[in-house]
Amino acid sequence: MPKTLEIRKLHVEIEGREIIKGVDLTVSTGEIHAIMGPNGSGKSTLSYSILGHPDYAVTQGEVLFDGENVLDMKPDERAAKGLFLAFQYPVEVPGVTLASFLRTAVNSIRKKQARWGGQPLKEISAIEFYKRLEEKMNLLQMDPSFAQRYLNEGFSGGEKKRAEILQMAMLGPSIAILDETDSGLDIDALRIVSDGVNALYGPDVGLLVITHYQRILRYVQPQFVHVLVDGRIALSGGPELAEQLEEHGYDWVKDQLGESAVTRQNG
Ligand SMILES: Nc1ncnc2c1ncn2[C@@H]1O[C@H](COP(=O)(O)OP(=O)(O)O)[C@@H](O)[C@H]1O
Ligand SMILES: [Mg+2]
């Protein structure tokens, strides 16, 4: 059975200012959607609000995942249900290795799932954990020593993104939101991270790839592209829309909107 993330007429405020102004979007497992948009259009606000960041107040609308109201759940419950947004932890955690961070994250999800299922908590054993870690690091073509590094201490931009993708691999979400996963990556790092995302994508995984630039979409190819302008989805289409944006820029979308507004007024 496919699982679906449904965003319905969502409005989000930060510090009393409305940033998301009525967004409708449905992402199912097996699908790749891209949200593109100029800086400040509300892309990150949308992703943080789906994952329950406390600074982002949902004032209207609904977010459902697999038919359940996500907005009533705490962020860690959303993760345990199968939603994923890149790392949410302090920038650097001295003394905590990436591996031990990941093990804690895996166990925290297991704990929730066990409680919901009315089953006793069974923490992942060290052997099972390291087996899975090795398997995923292989899949993502990562050097095993990477997992023994302290979390984000001295990580390059590319390494942070790869750690993010490794976290996704270890948690195995149904729907993953990748917000500007391409930012700060050179072309080689972009290719490695994209290969990793593609390796994790499949019939049981849906992706929402949020980006300002078209370039990541050459590697992680969406079936659906949406353009967010000023807190609203201004246009939706197929992959060709990303190319049109690349060619004409975001002003082209604003021109299109201007024209349709005029057409509506006259017609
Ligand atoms: N934590 C915050 N506090 C105050 N304003 C914010 C915060 N986060 C985002 N904003 C504002 O919300 C608007 C949308 O920002 P954002 O969602 O980051 O856009 P994007 O990701 O598309 O660049 C911007 O005007 C930004 O200044
Ligand atoms: Mg952003």
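Counting starts at 1 for both ligands and their atoms, following the listed order.
When Gly40, Gly16, Ser49, Ser47 are checked for heavy-atom proximity to atom 14 (C) of ligand 1, Gly40 turns out nearest. The option with the heavy atom closest to atom 21 (O) of ligand 1, from among Ser44, Gly231, Gly42, is Ser44.
Partner of Leu208 under the side chain to side chain contact (heavy atoms under 4.5 Å, CB included) criterion, chosen from Leu85, Leu25, Asp179: Leu25.
The side-chain heavy atoms of Leu71 and Arg78, taken from C-beta on, include a pair separated by under 4.5 Å. Residues Leu46 and Val12 fail the side-chain proximity criterion, which asks for heavy atoms closer than 4.5 Å.
The two residues Glu31 and Phe224 make their nearest non-hydrogen contact at CD-CE1, 3.9 Å. Between Ala99 and Leu133 the shortest heavy-atom distance is CB-CD2, 4.0 Å.
Near Thr45, with a cut-off below 4.0 Å to any heavy atom, the atoms of ligand 1 are 14 (C), 15 (O), 16 (P), 17 (O). Atoms of ligand 1 found under 4.0 Å from any heavy atom of Pro38, numbered from 1 in the order shown, are 22 (O). The ligand atoms of ligand 1 that sit less than 4.0 angstrom from a heavy atom of Tyr56 are 1 (N), 8 (N). For ligand 1, the atoms closer than 4.0 angstrom to any heavy atom of Asn39 are 23 (O).
Metal site remark for the Mg ion (ligand 2): Ser47 contributes no N, O or S atom at a distance under 2.8 Å.
Salt bridge status for Lys112 with Asp76: present, with a side-chain N to carboxylate O gap under 4.0 Å. The pair Glu246-Arg218 meets the salt-bridge criterion, with a side-chain N (NZ, NE, NH1 or NH2) lying under 4.0 Å from an Asp/Glu carboxylate O.
Only the side chain of Ile19 comes within 4.0 Å of ligand 1, judged by heavy-atom distances. For Arg17, every heavy-atom contact with ligand 1 shorter than 4.0 Å involves the side chain, none the backbone.
Looking at Lys43, its side chain never comes within 3.5 Å of a backbone N or O of Ile35 through a donor-acceptor pair.
Not close to ligand 1: Gly37, with no non-hydrogen atom less than 4.0 angstrom away.
Nearest protein heavy-atom neighbour of atom 9 (C) of ligand 1: Ile14 CD1, 3.4 Å.
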